[in-house]
Every structure is written in structure tokens, then in C-alpha cells.
Amino acid sequence: MPLRVQILVYDGVEEQDFIGPRDVFGHAVHAGAQVETTLVRPSAPGEVTCFFGTKVTVPNAWEPTDTDLLVVPGGGDQLIKDPDVHRNLVRAQQAGVVVAGVCTGVLVLSAAGLTKDRPCTTHHLAKAELAAQGGKVVDARVVDDGNLVTAGGVTSGIDLALWMITRECGSSIALGVESLMEYEQRGVVRRSS
């Protein structure tokens, strides 16, 4: 069975937060892994305008339980205030989906209640806010707490994706991706168990 990955994109999403992980999962296929990656929108297929103005056509609507791994990138605060997204995040995690947040995307997970009393991280400028909302903020580039995986700011989404490839597909695949991308995983991955 392939690893099914959805990356949730929306108006205001930070380009690097989702493109970095998208590249990692794409290169994993070329390195021999079975990974299916889909960009999804919260409501319906369509175009999004990213943080720096890049326009991206997103071909699929988000089906919260129809994936193994959901990546929520940061950027705008649109999803932080969206109760439908929060309910669907909870529903996804309850159905066994690993929910991952990159940068301020972790604050969306926090708004849904997924980080409360759990080890997590986010962009260094948002760590105090995440802690104030009940997250147990850890000083690490990536924090793996089983069905909740979080990463620090912007480029750490690449490290989150490489970690998930290591965890789900094996270190040899992840090393192959690093070689293809001419990138080495940075910082600490803190694993809960």
C-alpha cells in the first residue's frame, strides 16, 4: 500500500511550507518509495493565492479521512478561525490519520485542540502563543508525538517530510531523497516514544 499524503493549501498559505514537503514526497517516489501526494483545499477544488502572490490550482477537495498523512502548512490565519477545518482535523486524527503541522500551520492544529498537553513545536516567533494555548513546546526542528508531528518555521517542512519518509518508508529512501535534493536533514527530531 502506498503512503497517502494530503497537503492542505488555502489562500495565504506560505509557498515554502507546502512546496518543500511536496518536493520531498515527490522525490521519494523517484527514490523507490510508494507515496501518493495530493494537494487539497478545505472546501472544493480551485485556485489559491499564496502568501507571496503565487497562484496555484488545487485539483481536489479535502477528504479528511481519505489519507494516511495530512500536512497543514502555515501562512495566513484563515484556517485558525475556521471551525469546519477544526472539526475535520479532529475527525481525521480520530480516524487514524497522522496530522502534521509546519510553521504556523501548527497554530491551526492548536485551534482544533490537537496540541493541548502534547509535545509540539512551531516557528520561533509563534512558540509563546502555542505554549499559551496549552501545547508543550519543545525546542526541536521536528517533534514526533505519534499521530501528531510538528515542525518549526518555513524550511523545517522539508525536514518534517524527510522525517516522515524515514519513519514510514525507511532511512535508505530518505537518504536517497536527500541526495537527489542535495539537502541534509537539519536540527533535532524529538520523538516521544
Side-chain angles (χ1 to χ4, degrees), residues 1-14 17-26 28-29 33-48 50 56-122 130 133-135 142-151 157 160-170 173 191-193:
M1 293 286 293
L3 175 66
R4 299 171 303 151
V5 179
Q6 290 180 348
I7 302 175
L8 190 63
V9 293
Y10 53 93
D11 286 327
V13 67
E14 212 286 349
D17 279 13
F18 78 91
I19 290 295
R22 176 65 189 101
D23 273 7
V24 169
F25 296 125
V29 172
Q34 293 186 354
V35 180
E36 294 175 359
T37 307
T38 308
L39 297 181
V40 296
R41 282 186 72 219
S43 55
E47 185 176 84
V48 299
C50 302
V56 176
T57 300
V58 182
N60 299 291
W62 178 30
E63 294 293 335
T65 62
D66 192 26
T67 192
D68 303 307
L69 170 63
L70 172 69
V71 178
V72 180
D77 63 0
Q78 173 186 341
L79 300 186
I80 291 172
K81 301 172 184 173
D82 189 329
D84 290 333
V85 167
H86 303 166
R87 280 189 292 277
N88 281 328
L89 286 167
V90 170
R91 196 176 93 183
Q93 198 173 64
Q94 289 173 342
V97 173
V98 174
V99 178
V102 176
C103 194
T104 58
V106 179
L107 296 179
V108 177
L109 307 184
S110 178
L114 300 182
T115 62
K116 188 162 180 57
D117 297 325
R118 295 187 72 178
C120 54
T121 194
T122 189
L130 183 60
Q133 294 171 3
V142 176
V143 177
D144 182 342
D145 192 37
N147 66 355
L148 175 69
V149 182
T150 55
L160 180 143
L162 283 166
W163 169 247
M164 292 310 300
I165 291 297
T166 301
R167 179 178 134 171
E168 301 297 327
C169 304
I173 298 289
R191 198 167 189 183
S192 293
S193 54

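Between the CD atom in Gln34 and the SG atom in Cys169 there is a gap of 9.0 Å [rounded to 0.5 Å]. In this structure, the separation between CG on Leu79 and CG on Leu89 is 8.0 Å, given to the nearest 0.5 Å. With rounding to the nearest 0.5 Å, the separation of OG1 in Thr37 from CZ in Arg4 is 12.0 Å. Between the OG1 atom of Thr67 and the CG atom of Leu3 there is a distance of 7.5 Å, given to the nearest 0.5 Å. The CZ atom of Phe18 lies 10.0 Å from the OH atom of Tyr10; values are rounded to the nearest 0.5 Å. If you take CZ on Arg41 and CD on Gln6, they are separated by 14.0 Å, rounding to the nearest 0.5 Å.
Side-chain contact between Pro59 and Pro45: absent, with no pair of heavy atoms (C-beta onward) separated by less than 4.5 Å. Counting heavy atoms from C-beta outward, Pro2 and Val35 have side chains that stay 4.5 Å or more apart. Contact of the Val5 side chain with the Asp68 side chain is not registered, since no non-hydrogen atoms from C-beta on lie closer than 4.5 Å. Here the side chains of Trp163 and Arg191 are in contact, with some heavy-atom distance below 4.5 Å. Between Leu107 and Leu130 the shortest side-chain heavy-atom distance falls below 4.5 Å. Between Val149 and Arg167, some side-chain heavy-atom pair lies under the 4.5 Å cut-off. Pro42 is not listed as a side-chain neighbour of Asp84, based on a closest heavy-atom distance of 4.5 Å or more. Asn60 places none of its side-chain heavy atoms less than 4.5 Å from the side chain of Leu39.
The closest donor-acceptor contact from the side chain of Thr166 to the backbone of Leu162 lies under 3.5 Å. Between the side chain of His86 and the backbone N or O of Ile80 there is at least one donor-acceptor pair closer than 3.5 Å. Remark: side-chain polar atoms of Glu14 are paired, donor with acceptor, to backbone N or O of Asp17 under 3.5 angstrom. Here the side chain of Thr150 pairs a donor or acceptor atom with the backbone of Thr121 at under 3.5 angstrom.
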Evaluate the criterion side chain to side chain contact (heavy atoms under 4.5 Å, CB included) for residue pair Val56 and Glu47; output intermediate values, then yes/no. CA-CA 6 Å; Val56 176; Glu47 185 176 84; over 6 Å; no
Before giving the answer on side chain to side chain contact (heavy atoms under 4.5 Å, CB included), spell out for Val40 and Ile7 the whole-Å C-alpha distance, their side-chain angles and the decisive distance to 0.1 Å. CA-CA 6 Å; Val40 296; Ile7 302 175; over 6 Å; no
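Paired with Val108 under the rule side chain to side chain contact (heavy atoms under 4.5 Å, CB included), one option of Thr115, Val72, Asp82 passes, and it is Val72.
Nearest heavy-atom pair across Ala61 and Ser43 is CB-O, 3.6 Å. Minimum interatomic distance between Cys120 and Gly135 (heavy atoms only, all atoms of both residues): SG-CA, 3.8 Å.
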Donor-acceptor contacts under 3.5 Å from residues 91-105 side chains, at least two apart:
residue	atom	partner	partner atom	Å
Gln93	NE2	Asn147	O	3.0
Thr104	OG1	Gly75	N	3.1

